[in-house]
2 protein chains.
Amino acid sequence: MIQNDFLIEIQLVGLTSRLKRLTDNILYSTKDFYKAVGVDIEPNWHLIFLLLKKHRELTVTEISERLQMSHPAIVKIIRNMKLKDYIGTKTDTTDSRKQLLYLTTKAELALPQLEKCWEACILTMEELLEGNEFFLKNLELIEEKIGKKSYKERTLKNLNRL
Amino acid sequence: MIQNDFLIEIQLVGLTSRLKRLTDNILYSTKDFYKAVGVDIEPNWHLIFLLLKKHRELTVTEISERLQMSHPAIVKIIRNMKLKDYIGTKTDTTDSRKQLLYLTTKAELALPQLEKCWEACILTMEELLEGNEFFLKNLELIEEKIGKKSYKERTLKNLNRL
DNA sequence: TACATTTGCGTAACTAGTTACGTAATTTAT
DNA sequence: ATAAATTACGTAACTAGTTACGCAAATGTA
């Protein structure tokens, strides 16, 4: 049991901050893990690797849609992956606005080691979810609700009812 | 049901990213909400307000411990709150390293309106957790596990077992 | 009392996301 | 065929967190 934790003490009020704290914790712990293993990638490169492995070539917009993140976020990630030579780009021949992204040979060669790391990450998630079988389903429920009507809209409506 | 969501498709692999996506979504939606209501504060000021309302005076270190965040994070938040004149500081008389933080009159006057906003936020969380009564308990379980042994340590051990 | 250690907090540099804006290429509409 | 609207993506400026480092004040120790 965590002692003296204000966020737990204040219950529902602290829930969003606890979620943020947890995800931040995992984020920086993952960085730490990569560093310890001597792998020179950032946590948020993981899904880009997976997407490009599966689809060979994707544009910035396609990736941002599939990950449901803003396109500038993807642009930033891609820039760093390019700097480390994990990603290459070429302009689409039929639409010169589009940048086709693909994994470089360096990336392909690194994949086996990376995939082992990611497997270890999955094992950790399984550990953390042990006795928590509904967590994923519960999360999906929340995602669905928020997808249908945003947190902001809901809160505005709730405020007007007070 | 969310369509074509790569993060859901890949199951456990996408879980941490989904949690991050959810907390980011709530974060920016909360900003949006404050803006819509015409309240000039940031989401992460909320807990500082609550702590200082409860304890009158706290130091940077005390706040960072209670929220379990790094002290530079608190320093940054406080700086912005000071710029908007919601927080005042005075140097501790017995230990001149310590900065005592307190809510200004402007903050005290703003509190009633803010508290109404936060009440609306709680109602929203209740909505989102409807049919999800175990979510909080489940979250606490994960926090406990990660508190005992970090995500990094767990993953390193899992990697060695592969 | 002098010196080493610890504590408090501030800054710098970094990743990580957002919204807002701009521009060029493509598509649509008139 | 030309003008308008849309799309793709890049940049800027912002909040939000971290780790690493530095310095001065306080504390512990010889």
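Note on naming: letters A, B, ... go to the chains in the order of the sequence lines (proteins, then strands), and numbering restarts at 1 for each one.
- Counting any heavy atom pair closer than 4.0 Å across all strands shown, B:Thr94 reaches sugar-phosphate atoms only and no base atom.
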Got a list of side-chain donor-acceptor pairs under 3.5 Å for residues 78-85 of chain B, not counting sequence neighbours?
from, atom 1, to, atom 2, distance (Å)
B:Lys82, NZ, B:Thr89, OG1, 3.0
B:Lys84, NZ, B:Asp40, OD2, 3.1

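- Grouping Ile, Leu, Val, Met, Phe, Trp and Tyr by side-chain contacts under 4.5 Å, direct or through others, puts A:Tyr28 with A:Leu27.
- Residue pairs meeting the ring-ring contact (aromatic ring centres under 6.0 Å, His included) criterion with at least one partner in residues 122-162 of chain A, sequence neighbours excluded, are A:Phe135-B:Phe135.
- Atoms CG (A:Asp92) and C1' (C:dA24) sit 15 Å apart, rounded to a whole Å.
- Applying the 3.5 Å distance criterion, the base of D:dA25 shares a donor-acceptor pair with the side chain of B:Arg97.
- In this structure, the CG atom of A:Leu100 is 13 Å from the C1' atom of D:dC9, given to the nearest Å.
- The side-chain hydrogen bond (donor to acceptor under 3.5 Å, both in side chains) check on A:Glu119 picks up nothing, with sequence neighbours excluded.
- The nearest whole Å value for the distance from the NZ atom in A:Lys90 to the C1' atom in D:dC9 is 19 Å.
- In this structure B:Lys76 satisfies the side-chain hydrogen bond (donor to acceptor under 3.5 Å, both in side chains) test with no other residue, sequence neighbours excluded.
- Between the CD atom of B:Glu65 and the P atom of C:dC9 there is a distance of 10 Å, given to the nearest Å.
- The stretch residues 24-31 of chain B touches DNA chain C through B:Asp24, B:Tyr28, each having a heavy atom within less than 4.0 Å of the strand.
- In this structure, A:Met81 places its CE atom 11 Å from P of C:dA16, rounding to the nearest Å.
- Around atom NZ of A:Lys149, more than 12 heavy atoms belonging to other residues, nucleotides or ligands sit under 6.0 Å away.
- Taking B:Leu141 as the reference, A:Asn132, B:Lys145 meet the side chain to side chain contact (heavy atoms under 4.5 Å, CB included) condition, with sequence neighbours excluded.
- Counting non-hydrogen atoms under 4.0 angstrom, A:Ser70 reaches a base of the nucleic acid.
- Donor-acceptor pairing under 3.5 Å is lacking for the side chains of B:Gln99 and B:Thr59.
- Side-chain atoms of A:Thr124 and B:Thr155 form a donor-acceptor pair, as typed in the model, at a separation below 3.5 Å.
- The side chain of A:Asn44 places no N or O atom within less than 4.0 Å of a non-bridging phosphate oxygen (OP1 or OP2) of C:dT15.
- Residue order along DNA chain C, read from the 5' end via each residue's closest nucleotide, puts A:Trp45 first among B:Asp32 and A:Trp45.
- The separation between A:Glu42 atom CD and D:dG17 atom P is 19 Å, rounded to whole Å.
- Rounded to an integer number of Å, the gap from CD of B:Gln99 to C1' of C:dT7 is 14 Å.
- Mapped onto DNA chain D by nearest heavy atom, B:Thr93 and A:Asp95 fall at different nucleotides, with A:Asp95 at the one closer to the 5' end.
- For the segment residues 71-80 of chain B, residues with any heavy atom less than 4.0 angstrom from an atom of DNA chain D are, sorted by number, B:Pro72, B:Ala73, B:Lys76, B:Ile77.
- Contacts classified as salt bridge (Lys or Arg N to Asp or Glu O under 4.0 Å) and involving residues 97-107 of chain B (residues at least two apart or in different chains) are given here: B:Asp95-B:Arg97.
- A search for side-chain hydrogen bond (donor to acceptor under 3.5 Å, both in side chains) contacts involving A:Glu127 returns B:Arg154, B:Asn158, not counting sequence neighbours.
- One atom, CE of B:Met69, and another, P of C:dG8, lie 18 Å apart when rounded to the nearest Å.
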Ignoring hydrogens and angles, write down the donor-acceptor pairs under 3.5 Å from the side chains of residues 43-56 of chain B, residues two or more places apart or on other chains.
from, atom 1, to, atom 2, distance (Å)
B:Lys53, NZ, B:Glu115, OE2, 2.8
B:Lys54, NZ, A:Glu9, OE2, 2.6
B:His55, ND1, B:Leu51, O, 3.2

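- For DNA chain D, the neighbouring residues in residues 50-62 of chain A, judged by any heavy atom under 4.0 Å, are A:Thr59, A:Val60, A:Thr61.
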